[in-house]
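Side chains included, hydrogens not; waters and symmetry mates left out as well; all remaining heavy atoms used.
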Amino acid sequence: MLDRSMASLRSLTERVQEHAAPAAAAAQEHHGAAAAGEHAEEWGTEVMMHHVVDSNIWEFKPFGEIPLPTLPAFNIGGLEVDLSITKHVLFLMFAAVLTIVTMFFAARSTQRLENGEKAPRGILNGIEAFYLYLRDDVVMANIGRGGERFVPLVITFFFFILYANLLGLIPFGATATGNIMVTAALAIIALVVIETAGFIALGPMGYAKTVFFLPPGLPGPLKPVTLLIMAPVELIAKFSKIMALAIRLFANMTAGHFVILAFMGLILTYGSMVGQGLFGTTVGAATILGSMGLALFVMMLEIFIALLQAYIFAMLVSVFIGLIRHAH
């Protein structure tokens, strides 16, 4: 009797184990999928936007964060003005300080060279090479005679934008030029300088012809029609060139950060597959290594783009100044 009871108990235990094994495997698979889904949900669009948009907090995760000073807003003509220090404003200040320091040491090394001392070495030699190239092959080559007055502005644009771009690539940094308001402000400054330079070089009547232009030899009846069509087009062209400056710089700096963040998100999403069998481990490890390699490649590309976008901005400002000074 006892033997029959023990045999029945062993049979029941075996049947329970047979049913429990698939359920445990299914639970493990469900847990792995849930973990992957949780990481995917955590690293979504909102998290990526959080790393790109402006903020009143300077984060040092996982070490903490620094609240930035907040000033009370005030109204000017119904427009609310907030001069609080944000993360992008802070890094604009860093870029401005770096630009001032760079120009100070570059000017001092140039003065020493003029006094017959030794030529600068190392970083100062590289800065001097950049300065001479921008002065001779960018500003003077595109503006021509009288272009020396615009050399300080264009070179300041270049170094300021370059530093603002590069500061977003360091740990705990922020790319201020990834903010459309920042690039729009730079473009507006360029617009004022370009149009003022044209007005001074051409005079009131000559400047008016840059908007109200009539081709020589045009019949009298066609002049009003031409002005009606072409004047709005010329006026829009003045602003569209400047909008292109702002949008190009903003879009290029923002896009690179999103690509890097997307690759980092793949690491979090598929990294949970490591340890879930041979296939899961293989896929997870391959995804992690591939994402890290691609993210590193894009980061190196971002350094080149930071330099390229600063150069393009400085080059186009010089081109636009030269065009309007020699218009028609």
Side-chain angles (χ1 to χ4, degrees), residues 45 48-49 51-54 86-89 91-92 94-96 98-99 130 133-135 137-143 147 150-170 173-198 210 233-263 295 297-325 327:
T45 306
M48 295 173 66
M49 288 295 295
H51 285 77
V52 175
V53 298
D54 203 0
T86 64
K87 186 167 58 175
H88 287 169
V89 173
F91 277 84
L92 281 177
F94 291 158
L98 289 172
T99 303
F130 268 112
Y133 174 77
L134 292 170
R135 184 193 67 184
D137 295 338
V138 175
V139 181
M140 299 303 298
N142 289 286
I143 299 179
F150 302 97
V151 169
L153 173 71
V154 175
I155 293 180
T156 300
F157 268 141
F158 174 81
F159 281 103
F160 179 76
I161 294 173
L162 177 63
Y163 284 132
N165 293 345
L166 293 177
L167 285 172
L169 301 178
I170 63 176
T175 306
T177 46
N179 189 327
I180 187 62
M181 302 303 293
V182 173
T183 59
L186 293 172
I188 290 172
I189 295 172
L191 174 65
V192 173
V193 173
I194 292 167
E195 298 304 317
T196 303
T210 63
V233 173
E234 295 286 350
L235 191 61
I236 292 173
K238 288 181 177 291
F239 291 96
S240 63
K241 292 185 296 185
I242 299 304
M243 289 175 59
L245 283 178
I247 294 174
R248 179 187 293 107
L249 180 58
F250 157 74
N252 278 277
M253 299 315 301
T254 304
H257 284 68
F258 270 113
V259 172
I260 294 173
L261 290 171
F263 285 133
F297 170 75
V298 175
M299 181 66 74
M300 297 296 104
L301 189 62
E302 277 285 278
I303 297 175
F304 170 73
I305 292 175
L307 178 63
L308 179 63
Q309 290 304 313
Y311 170 77
I312 290 175
F313 196 100
M315 169 67 80
L316 290 179
V317 170
S318 301
V319 170
F320 294 154
I321 293 174
L323 287 175
I324 197 168
R325 281 170 53 86

Could you measure the distance from the [atom1] atom of [X] to the [atom2] atom of [Y]? Nearest 0.5 Å is fine.
X	Y	atom1	atom2	value
Ile303	Leu166	CD1	CG	7.5 Å
Leu323	Thr210	CG	OG1	11.5 Å
Thr86	Phe91	OG1	CZ	11.0 Å
Phe297	Leu301	CZ	CG	5.5 Å
Ser318	Asp137	OG	CG	11.0 Å
Leu316	Ile321	CG	CD1	11.0 Å

* To do: Assess whether atom CZ of Phe130 is packed by more than 12 heavy atoms of other residues, nucleotides or ligands within 6.0 Å.
  => no

* To do: Could you go through the side chain to side chain contact (heavy atoms under 4.5 Å, CB included) check for Leu245 and Val317 one step at a time?
  => CA-CA 9 Å; Leu245 283 178; Val317 170; 4.2 Å; yes

Could you tell me whether the side chain of [Y] reaches within less than 4.5 Å of the side chain of [X], counting heavy atoms only?
X	Y	value
Gln309	Thr177	no
Phe160	Leu92	yes
Ile242	Ile194	yes
Leu191	Phe239	yes
Asn165	Leu249	yes

Minimum heavy-atom distance [X]-[Y], with the two atoms named:
X	Y	answer
Val151	Met140	CG2-SD, 4.4 Å
Glu302	Asn252	OE2-O, 4.1 Å
Val298	Ile260	CG1-CG1, 3.5 Å
His257	Gly168	NE2-O, 3.4 Å
Tyr133	Tyr311	OH-OH, 3.4 Å
Lys238	Ile324	NZ-CD1, 3.8 Å

* Asked: Between Thr196 and Val193, is there a donor-acceptor pair closer than 3.5 Å when you use the side chain of the first and the backbone of the second?
  -> no

* Asked: Has the side chain of Asn142 got a donor or acceptor atom that lies under 3.5 Å from a matching backbone atom of Gly322?
  -> no

* Residue pair Phe250, Val182: steps toward the side chain to side chain contact (heavy atoms under 4.5 Å, CB included) verdict -> CA-CA 8 Å; Phe250 157 74; Val182 173; over 6 Å; no

* **Worked check of side chain to side chain contact (heavy atoms under 4.5 Å, CB included) between Leu162 and Leu307** => CA-CA 6 Å; Leu162 177 63; Leu307 178 63; 4.1 Å; yes

* To do: Run the numbers on Phe158 and Val154 for side chain to side chain contact (heavy atoms under 4.5 Å, CB included), then give the verdict.
  => CA-CA 6 Å; Phe158 174 81; Val154 175; 5.8 Å; no

